[in-house]
Amino acid sequence: MQFNFFPSRQISLYMARLFLTRTFAVLALLVVVLQTLDLLGNSGDVLAYPGNGDAQLWHYVGLRAPQIIARFLPFSVLLGTLVMLATLNQNSEIISMKAAGLSAHQILAPLVLAALGVSVISFVFNERIVVRSTAALSAWEAVDYGPIPRDSGVKSNPWVRDGNNLVNAAIVAGRGTQVQLRKVQIYNRINNSLTTIVQAPRGHYDAASKSWLLEGARQFDVARGTVTNVGTVRFGRDIRPDQFTLAKVDPDALTFHELEAAISDLHDAGRPTAELEGSLWHKLSGPLSALLMPILGSVAAFGLARSGQLFMRAVLGMALGFAYFVADNFSLAMGSLGAYPPVLAAWAPFFLFLLVGETVLFRTEE
C-alpha cells in the first residue's frame, strides 16, 4: 500500500467537493422534512398558550432547527458518502482511479480529510449555537411556551456531602455567601451507619468562620430513639455556598468547559457524575463520528457495479453506519447506568467501528 495519500491534487479536490455537496444536500433535505414533521407535532402546544401566533412558531423553528442539524449531521455524512461512492462506482470512475494506480485508501483520503473538517464545524456549531438553543427551548417548554420568568435563584431539595455525612435542605435561596437554608437535615454517619439526625428550621453561611450555622436545631439519636434540643450547630467547613445552589445539569445545554466545571462542582458536592462525564466525552466523540462515515460507507465504492452487488454493498455500508449509532447510544446508556466507565462509554464505539471499517476495507480491496 502506498503512503502518499494525496498523489493527485485534482482528484482530491474533485472527491472532496463531491463529498461535501452530497453531504450538505442530504442534510438540507433531512432538516426540511424532519423540521416540518416536528413542527406539525408541536405546533398545537405552541399555539395553545394564549397570544401565541406565527411569530412564536417561527421562534420555535429557530430554536429546534439547530438541534436537528446537530443530531442528523453524522447521518447526512453517511448517506452523502453512500450516494457519492455508489454513483462513482456506477459510472466506472472508481475503476478509472484504480487503473491509474490509486489504492482504496488514497481514494478515500480526501473524503476522510473533508469529514474531519465537518467534525470540527460540528463541534464549533454545537458549542456556539446548539447549547444556547437547547437551553432556551428547554426553558420555554418548561413554561408551556409562555413568557419565561426571570430566575428567582430559589432551589429545592439539594443534597450535599460533608465528609461521611449527608446534608439536605428543603429550600435554598440567595447566592454566594448570602445563601439561606430552610428545613435542614444532617445525617451523621459512622462507617456508613446512621447514628444521629440533626434537624433545623433555618441555617446560613458564616463567612467569618467559613462554615455553616444552624439555628434552633434538634438532634435525634438513632440508637436511643431520643430527641434533644442542641440550639446552634456549626457544620460543613468544606462545603462551599455554590454546592447548595447547584441545580440539575442538562449536558446538552452546556458547552464543554461549562459542563466540565459543573461536573467538578457536583463531584465536590458528593453527587454522582458518571452520566455527565460520559456526556462530556461524547461532546468530542459525537462530532468526530463524521470521520468514520467515509470508511464505513466505503464498501459501496469497490467491486464491479455490473456484478449486480452494488445495491447490496450500499445496503451493507448503510447497515454498518447505523450499527455504529445503535452501539453509540447503547454504550452511553450503559455508562449512565454505571456499567461502563465514562471514557469507555463515549469512545469505545468509535474505535470499535474504526477497526471494523478498516478491516472490511482491507479484506475487500487492500
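Bear in mind the structure is a predicted one, so any value in this text is a computation, not a measurement.
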If the condition is salt bridge (Lys or Arg N to Asp or Glu O under 4.0 Å), which residues does D38 pass it with, not counting sequence neighbours? R64

L214: which of T232, V230, I186 passes side chain to side chain contact (heavy atoms under 4.5 Å, CB included): I186

Roughly how far, to the nearest 0.5 Å, is the CG atom of L181 from the CH2 atom of W212? 5.0 Å

Check the pair L85, L108 against side chain to side chain contact (heavy atoms under 4.5 Å, CB included), reporting the backbone distance first and the verdict last. CA-CA 10 Å; L85 294 180; L108 293 178; 4.3 Å; yes

For residues 330-347, run the donor-acceptor check on the side chains, cut-off 3.5 Å, and write out each pair with its distance to 0.1 Å, sequence neighbours left out.
residue	atom	partner	partner atom	Å
S331	OG	A345	O	2.6
S336	OG	L332	O	3.0

Scan residues 9-34 for pairs that pass ring-ring contact (aromatic ring centres under 6.0 Å, His included), counting only residues two or more places apart or in two chains. none

Applying a strict under-4.5 Å side-chain criterion to I, L, V, M, F, W and Y, I'd like to know whether V83 and L296 cluster together. no

For R189, does the CZ atom have more than 12 heavy-atom neighbours from other residues, nucleotides or ligands under 6.0 Å away? yes

Determine the minimum heavy-atom distance between V233 and A217, stating which atoms define it. CG2-CB, 3.7 Å

Transitively linked via ILVMFWY side-chain contacts under 4.5 Å: I171 with L213? no

Joint cluster assignment, I121 & L78, ILVMFWY side-chain distance < 4.5 Å: no

Euclidean distance, T359 OG1 relative to F353 CZ, rounded to 0.5 Å: 12.0 Å

Same cluster (ILVMFWY, side-chain, under 4.5 Å), V227 and I197: yes

If you measure from CD on Q199 to NZ on K183, what distance do you get to the nearest 0.5 Å? 11.5 Å

Heavy-atom distance under 4.5 Å between the side chains of I239 and V160, does that happen here? yes

D206 meets the salt bridge (Lys or Arg N to Asp or Glu O under 4.0 Å) criterion, sequence neighbours left out, with R234

So V184 and R202, side chain to side chain contact (heavy atoms under 4.5 Å, CB included) or not? Walk me through it. CA-CA 6 Å; V184 187; R202 66 183 62 87; over 6 Å; no

CZ-OG distance between R17 and S12, expressed to the nearest 0.5 angstrom: 11.5 Å

Please write out which residues are connected to L37 in a hydrophobic cluster, directly or through intermediates, given that two of Ile, Leu, Val, Met, Phe, Trp, Tyr count as joined at side-chain heavy-atom separations below 4.5 angstrom. L29, V33

Could you pull out the closest heavy-atom pair between S43 and L40, with the gap in Å? OG-O, 3.7 Å

Give a yes or no answer on whether the side chain of K283 reaches the backbone of P251 with a donor-acceptor pair at less than 3.5 Å. yes

Less than 4.5 Å apart, any side-chain heavy atom of F220 and any of T196? no

Which is it for I11 and L102 under the side chain to side chain contact (heavy atoms under 4.5 Å, CB included) test, yes or no, and what are the steps along the way? CA-CA 10 Å; I11 291 180; L102 298 183; 3.9 Å; yes

Could you check whether any side-chain N or O of D250 sits under 3.5 Å from a backbone N or O of D252, counting only pairs where one atom can act as donor and the other as acceptor? yes

For residues 286-293, which side-chain donor-acceptor pairs fall under 3.5 Å, sequence neighbours excluded?
residue	atom	partner	partner atom	Å
S289	OG	G286	O	2.5

Is the shortest heavy-atom distance from the side chain of L73 to the side chain of L27 under 4.5 Å? yes

Can you list the residues that meet the side chain to side chain contact (heavy atoms under 4.5 Å, CB included) rule with A65, with sequence neighbours excluded? Q35

E258 (side chain) donor-acceptor with T255 (main chain) under 3.5 angstrom: yes

Do S133 side-chain atoms and V130 backbone N/O form a donor-acceptor pair below 3.5 Å? yes

Take V167 and Q185 through the test side chain to side chain contact (heavy atoms under 4.5 Å, CB included) and record every step on the way to the result. CA-CA 6 Å; V167 183; Q185 298 186 85; over 6 Å; no

Between F123 and L284, is any pair of side-chain heavy atoms under 4.5 Å apart? yes

Check: E141 side chain, S138 main-chain N or O, donor-acceptor pair, under 3.5 Å: no

Do T23 side-chain atoms and L20 backbone N/O form a donor-acceptor pair below 3.5 Å? no

If Ile, Leu, Val, Met, Phe, Trp and Tyr residues are connected whenever their side-chain heavy atoms lie under 4.5 Å apart, and connections chain through other members, are W281 and F351 in the same group? yes

Of all heavy-atom pairs between G163 and R161, which one has the smallest distance, and what is that distance? O-CG, 3.0 Å

Determine whether a donor-acceptor pair (N or O, by modelled atom type, separation under 3.5 Å) exists between the side chain of S119 and the backbone of A115. yes

Please enumerate all residues that pass side-chain hydrogen bond (donor to acceptor under 3.5 Å, both in side chains) together with N165, with sequence neighbours excluded. N188

What pairs of donor and acceptor atoms, side-chain ones from residues 317-328 against any protein atom, are under 3.5 angstrom apart with sequence neighbours left out?
residue	atom	partner	partner atom	Å
D328	OD1	H282	NE2	3.4
D328	OD2	H282	NE2	2.7

Other ILVMFWY residues reachable from V131 by side-chain steps of under 4.5 Å: none

Do I107 and M15 come close enough that some side-chain heavy atom pair is under 4.5 Å? yes

Taking only distance into account, with no hydrogens and no angle test, what donor-acceptor pairs under 3.5 Å do side-chain atoms of residues 44-54 form with protein atoms, sequence neighbours excluded?
residue	atom	partner	partner atom	Å
N52	ND2	V46	O	2.6
N52	ND2	Y145	O	2.9

Test item: D144 side-chain N/O and G146 main-chain N/O as donor-acceptor pair under 3.5 Å: no

Using 0.5 Å steps for rounding, measure from the OG atom of S96 to the CD1 atom of I94. 9.0 Å

Closest heavy-atom pair, A136 versus L63, reported as atoms and distance to 0.1 Å, is CB-CD2, 4.0 Å

Donor-acceptor pair, side chain of T273 and main chain of L276, under 3.5 angstrom: no

Would you say N91's side chain and T87's backbone share a donor-acceptor pair under 3.5 angstrom? yes

To the nearest 0.5 angstrom, please state how far the OG atom of S122 sits from the CD atom of E127. 10.0 Å

Would a 4.5 Å heavy-atom cut-off, applied to side chains only, mark W140 and L137 as touching? yes

Please examine the side chains of E358 and I295, heavy atoms only from C-beta on, and report whether any two atoms are closer than 4.5 Å. yes

Excluding sequence neighbours, so at least two apart, what forms salt bridge (Lys or Arg N to Asp or Glu O under 4.0 Å) with R22? none

Kindly indicate whether the side chain of H204, heavy atoms from C-beta on, has any atom under 4.5 Å from the side chain of Q178. no

